[in-house]
2 protein chains.
Amino acid sequence: MSNNLNFVAKLRNSGLRPTKQRIKICEILFGSKETFHFSINDLSKIIAQKNSEKISLATIYNTVHAFLGKGYLKQIAVNSEQSYYDTNTTDHHHFYDIDKDKLIDIHDSEVEPVKINRKIPGKRIKSIEVLVKLQNT
Amino acid sequence: MSNNLNFVAKLRNSGLRPTKQRIKICEILFGSKETFHFSINDLSKIIAQKNSEKISLATIYNTVHAFLGKGYLKQIAVNSEQSYYDTNTTDHHHFYDIDKDKLIDIHDSEVEPVKINRKIPGKRIKSIEVLVKLQNT
DNA sequence: AAGTAGATTATAACTATTCTAAAGTAATAA
DNA sequence: TTATTACTTTAGAATAGTTATAATCTACTT
Ligand SMILES: [Mn+2]
Ligand SMILES: [Mn+2]
Ligand SMILES: [Zn+2]
Ligand SMILES: [Zn+2]
């Protein structure tokens, strides 16, 4: 796959050695135009299914943390049971389908800009995130 | 405390027996006009400090779950490390002070109504919550 | 090719939370 | 009242997600 050269470059540029584990995880996370949301458990299952040689859980955690640190992933707070990650690192919002335990992107353009009429001294806004919880009708 | 009679009634009306543990937790959670945010660990410490006889951690969890189920508490998704609860059960939003690990209420009137220009078939909106993350300047 | 810093791994440790089942208590019936 | 019952509390075990450890391995530099 010629794509992998991009991942190698991406990793090198980030100061991360392009190991075969990281490259495989890059393929899974960034190999498609579509972004998606996942838990470590989700990713672990995808790897197990798409990869002949296994990648240890520790490496999956390490890699996700590394990518998070480099800004290649975003962490989404949905509930306190587990961490969710997003390959879409642009500013956007989410539906959370409670019944399916699934996140759905809401593009910034689909939400009227959120205006906060209040400021906290000594603090600056790092992010504004809207979470819309959905239930079956 | 004459207030406790209210808590006894509140518990009885909810089908919960007014045990001394539950009454004490009611006092702590609902005994003041000011609402607040807490983790189980926070609550556990408050109880330890304000109560002569200890309340077991299991009971604290049980009680918080019971109150959550009755709608006397709201759960707030901030991060995936632990659950946060809110004694303010009205619709409102939050600042999250990352450095202090503290939630601050944003009253509904302090936020322009959030308009979502998208609907998901078969799903209805259960809640819309804005989380504004704050960092030190 | 050798040396080094960085990466992977199995597994132990940790933390928040839930489960279990025994003992205690509040409500209710006799 | 007292007896019965259902609910509650509790210590501690179990579980699940995550992080730490330290030995082995590998990518990069020289
Ligand atoms: Mn999942
Ligand atoms: Mn806290
Ligand atoms: Zn997203
Ligand atoms: Zn609040």
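Order of the sequence lines sets the chain letters (A, B, ...), proteins ahead of strands, with each chain counted from 1. Quick note: numbers below take in every heavy atom, side chains included, and nothing from hydrogens, waters or symmetry partners.
Taking atom CZ of A:Arg22 as the reference point, atom C1' of C:dT9 lies 14 Å away to the nearest angstrom. Across the protein-nucleic acid pair, B:Ile23 atom CD1 and D:dT8 atom P stand 13 Å apart, rounded to whole Å. Following rounding to the nearest Å, B:Tyr61 (OH) and C:dT17 (P) show an atom-to-atom distance of 4 Å. Separating the CG atom of B:Leu57 from the C1' atom of C:dC19 is a distance of 13 Å, rounded to the nearest angstrom. The distance between atom NZ of A:Lys54 and atom P of C:dT8, rounded to the nearest whole Å, is 14 Å. Going from atom CG of A:Asp42 over to atom C1' of D:dA16 covers 15 Å, rounded to whole Å. Atoms CG (B:Asn62) and P (C:dT17) sit 13 Å apart, rounded to a whole Å. Put simply, CD1 on A:Ile60 is 14 Å from P on D:dT19, counting in whole angstrom units.
A donor-acceptor pair is defined here as one N or O able to donate and one able to accept, closer than 3.5 Å; no such pair exists between the side chain of A:Ser83 and the backbone of B:Ser80. Looking at A:Asn51, its side chain never comes within 3.5 Å of a backbone N or O of A:Lys54 through a donor-acceptor pair.
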*Could you run through nucleotides 22-30 of chain D and give me one letter per nucleotide, 5' to 3': B if any protein heavy atom sits under 4.0 Å from the base, S if only the sugar-phosphate is that close, - if neither?*
-----BS--
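For A:Ile40, the side-chain atoms get nearest to D:dT18 when compared with the rest of D:dT18, D:dT9, C:dT8. The side chain of B:Ala58 approaches D:dG12 more closely than any other nucleotide in the set D:dG12, C:dT11, C:dT8. Nearest nucleotide to the A:Gln82 side chain, out of D:dT9, D:dG17, C:dA16: D:dG17.
A donor-acceptor pair shorter than 3.5 Å cannot be found between the side chains of A:Asp105 and A:His93. Side-chain N/O atoms of A:Gln21 and A:Thr59 include no donor and acceptor closer than 3.5 Å. Between the side chains of B:Asp42 and B:His37, no donor N or O sits under 3.5 Å from an acceptor N or O. Counting only N and O atoms by type, the side chains of A:Tyr72 and A:Thr87 include no donor and acceptor under 3.5 Å apart. Under 3.5 Å, the side chains of B:Glu112 and A:Asn117 contain a donor-acceptor pair of N or O atoms.
Among the protein residues, A:Ser83 comes within range of the sugar-phosphate backbone only, with heavy atoms under 4.0 Å from sugar or phosphate atoms but none that close to a base.
A close approach under 4.0 Å does not occur between any side-chain nitrogen or oxygen of B:His65 and OP1 or OP2 of C:dT17.
Comparing B:Ile55 and B:Glu81 by the nucleotide of DNA chain D that holds the closest heavy atom to each, the one mapping nearer the 5' end is B:Ile55.
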